[in-house]
**Student:** 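The structure's right below; bear with me while I get my questions together.
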Amino acid sequence: MAERSDQSAMIGLWMTSALVVGTIIGAGIFMLPVSLAPLGRNAIWGWVISGVGVMCIAFAFAQVSKLGGEGIQANIEREFGPTTAFVVAWMFWVSNWTAQASVALAIGSTLSFIAPGVIGESLRVPVGLAFVVLLTAINAIGVRASGGFSLVTVAIKIIPLFAVVWIFLQRGASGGEFVPLADAPINLGNLAAASALTFFALTGFEAATAPVGKVRDAARTVPRALIGGTLFVVILYMLAGTGVQMLAPAKAVAASSAPFADVITAKWGRDAAALAAVAITISAIGCLNGLMLATGELGYSMAIRGDLPAAMKVTRRGGTPIVAQLVSMVLTILILLANSSRATANLYTFIILLSTAAIVILYFIGSLAAWKAVRGAPARVVIALALAFVLFAAFGTGLEACLWSLALLAAGLANRWVMRRLNARAGSTPAAGTRQA
């Protein structure tokens with residue numbers, strides 16, 4: 001089993017909740033209205049459908065987290081055995097380090113928007129690389145350093161969201177008129193598209209299930225953080241996302257490069273919008289921090305079970321999986337370098353879709369584990385809704401990405417077979433503990 005960390009080095013409810021909120025809220029939400037604007041009322045219903053669906057999944061993961069604090073892989077293993085647990089951890093891990101590359105690039109892009117004369121097109125990737133290295137260093141200090149960083153960035157990143165919510169509610173309270181939504185028919189195709197887009201924006205809460213033995217009273221803390229943190233973001237996103245669509249014309253939103261900043265500019269001027277752009281950049285940085293924490297923990301979890309190289313279970317004082325973090329950093333850097341070529345742009349876009357397709361597998365198996373772990377009828381109704389929504393989300397992701405995620409899963413199982421035999425020859429025992437770096 002994983003080595004237990006000292007209580008003083010562990011994170012509590014506030015830092016775990018910040019990890020949930022911080023990993024959900026990235027750069028994507030701030031551009032999402034561009035895609036949702038043409039869908040009109042379907043977008044509002046999309047927020048409702050995905051919000052309810054994600055809360056059901058978060059509830060399911062909360063039930064699984066009550067099984068213990070050794071991380072998502074150990075908890076799934078209790079219900080379905082080591083192979084299924086590996087599938088969950090592997091797809092979670094793959095999804096995270098591919099998503100890290102997209103968020104790192106978003107940091108470079110938002111900074112180039114703020115200071116176009118300093119950070120041009122050619123510097124977006126190098127800036128992204130620099131933040132990957134910086135946040136790896138912060139995570140290497142320990143989980144409390146990463147958790148504290150999440151608290152600070154969450155406090156800043158919600159400012160532009162709250163600003164739009166305030167403008168939206170103020171106009172409604174004063175009796176002002178709202179802009180008509182786009183005239184798009186409400187049908188299954190439009191609802192599926194809107195639900196898929198809003199669902200993508202709400203993924204990330206699962207990061208709280210990744211830390212291995214580093215959350216105080218995990219069986220109680222993680223479920224509370226999952227439910228409370230996810231509910232907070234769902235409500236905030238519903239109000240802020242709908243607010244943008246009802247405060248600016250649909251055509252203007254669809255053509256905007258910064259819809260949230262445009263709404264804030266119309267109300268308070270360009271200086272306020274510039275501050276909002278800074279907050280959006282910090283939002284992306286906080287999201288990347290949460291992803292990197294979870295990715296390192298997942299690599300460590302698989303390594304202590306013999307599913308990845310034994311070197312990845314090496315830790316620093318406090319149980320920080322330094323080697324697993326460095327592997328995550330290298331994989332992200334490789335994707336960023338590949339993306340620096342224009343020829344790989346389309347492939348990179350597909351990798352982001354693949355990241356979401358991979359996380360759907362985690363949601364499905366995690367919800368099945370929750371179904372097995374609970375007995376009460378009300379809880380199982382919620383979990384059944386989670387399973388139904390996951391299947392609906394997989395449909396929205398697309399067949400090609402789902403097939404490629406299955407191919408990656410097959411590659412992971414092949415990797416596990418090889419690693420187990422190599423570790424056996426080297427005399428390494430799965431889950432044999434850690435050694436200090």
Side-chain angles (χ1 to χ4, degrees), residues 14-15 17-36 99-100 102-119 124 127-128 130-132 134-135 138 146-170 200-205 207 229-230 232-245 247-248 253 256-293:
W14 282 106
M15 286 189 179
S17 299
L19 180 60
V20 172
V21 175
T23 311
I24 298 176
I25 303 178
I29 178 59
F30 297 104
M31 287 303 297
L32 190 58
V34 174
S35 301
L36 290 175
Q100 284 171 191
S102 70
V103 178
L105 190 59
I107 294 171
S109 298
T110 53
L111 284 174
S112 68
F113 175 81
I114 296 171
V118 178
I119 301 174
R124 290 181 183 181
V127 168
F131 274 97
V132 169
L134 173 63
L135 292 175
I138 291 175
S146 178
F149 189 77
S150 291
L151 274 174
V152 173
T153 56
V154 163
I156 297 172
K157 70 168 62 181
I158 61 176
I159 291 174
L161 295 168
F162 271 120
V164 170
V165 170
W166 173 261
I167 297 169
F168 178 49
L169 296 178
Q170 186 183 51
F200 298 160
L202 288 167
T203 60
F205 59 88
T230 306
F232 171 78
V233 179
V234 165
I235 294 173
L236 183 60
Y237 273 16
M238 283 182 176
L239 290 172
T242 302
V244 170
Q245 288 190 258
L247 291 167
V253 174
S256 174
S257 60
F260 275 80
D262 289 344
V263 170
I264 293 171
T265 297
K267 179 68 175 179
W268 292 311
R270 295 196 64 83
D271 289 342
L275 291 175
V278 173
I280 292 170
T281 304
I282 294 172
S283 174
I285 295 171
C287 178
L288 180 59
N289 175 66
L291 285 169
M292 297 189 77
L293 169 63

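We count residues from 1, following the sequence as given.
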**Student:** As an exercise, state the distance from CD1 of Ile280 to CD1 of Ile25, rounded to the nearest 0.5 Å.
**Tutor:** 12.0 Å

**Student:** Could you measure the distance from the CG atom of Asn289 to the OG1 atom of Thr23? Nearest 0.5 Å is fine.
**Tutor:** 7.5 Å

**Student:** Quick one: does any side-chain atom of Thr265 pair with a main-chain N or O of Ala261 as donor and acceptor, under 3.5 Å?
**Tutor:** yes

**Student:** Enter the distance from Ser283:OG to Ile158:CD1 here, rounded to the nearest 0.5 Å.
**Tutor:** 10.5 Å

**Student:** So do Val20 and Phe232 actually touch side chain to side chain, heavy atoms under 4.5 Å?
**Tutor:** no

**Student:** When rounded to the nearest 0.5 angstrom, what distance separates CG in Leu202 from CD1 in Ile29?
**Tutor:** 7.5 Å

**Student:** Any idea which heavy atoms bring Gly290 and Ala207 closest together, and the distance?
**Tutor:** O-CB, 4.4 Å

**Student:** Please enumerate all residues that pass side-chain contact (heavy atoms from CB on, under 4.5 Å) together with Ile159, with sequence neighbours excluded.
**Tutor:** none

**Student:** For Thr230, enumerate each residue passing the side chain to side chain donor-acceptor pair (under 3.5 Å) test, keeping only those at least two apart in sequence or located in another chain.
**Tutor:** none

**Student:** For Phe131, check ring pair (Phe, Tyr, Trp, His ring centres under 6.0 Å) against everything at least two apart and list the hits.
**Tutor:** none

**Student:** Nearest heavy-atom pair of Pro33 and Val253: which atoms, and what distance?
**Tutor:** O-CG1, 3.4 Å

**Student:** Could you report the tightest heavy-atom contact between Val244 and Pro259, atom names first, then the distance?
**Tutor:** CG1-CB, 4.0 Å

**Student:** With sequence neighbours left out, which residue pairs that include part of residues 157-169 fulfil the side chain to side chain donor-acceptor pair (under 3.5 Å) condition?
**Tutor:** none

**Student:** Can you list every ring-ring contact (aromatic ring centres under 6.0 Å, His included) pair that touches residues 263-288, not counting sequence neighbours?
**Tutor:** none

**Student:** Taking side-chain contact (heavy atoms from CB on, under 4.5 Å) as the definition, give me every residue that meets it alongside Ser35, ordered by chain and number, with sequence neighbours left out.
**Tutor:** Leu197

**Student:** Who are the side-chain contact (heavy atoms from CB on, under 4.5 Å) partners of Leu169, not counting sequence neighbours?
**Tutor:** Val165

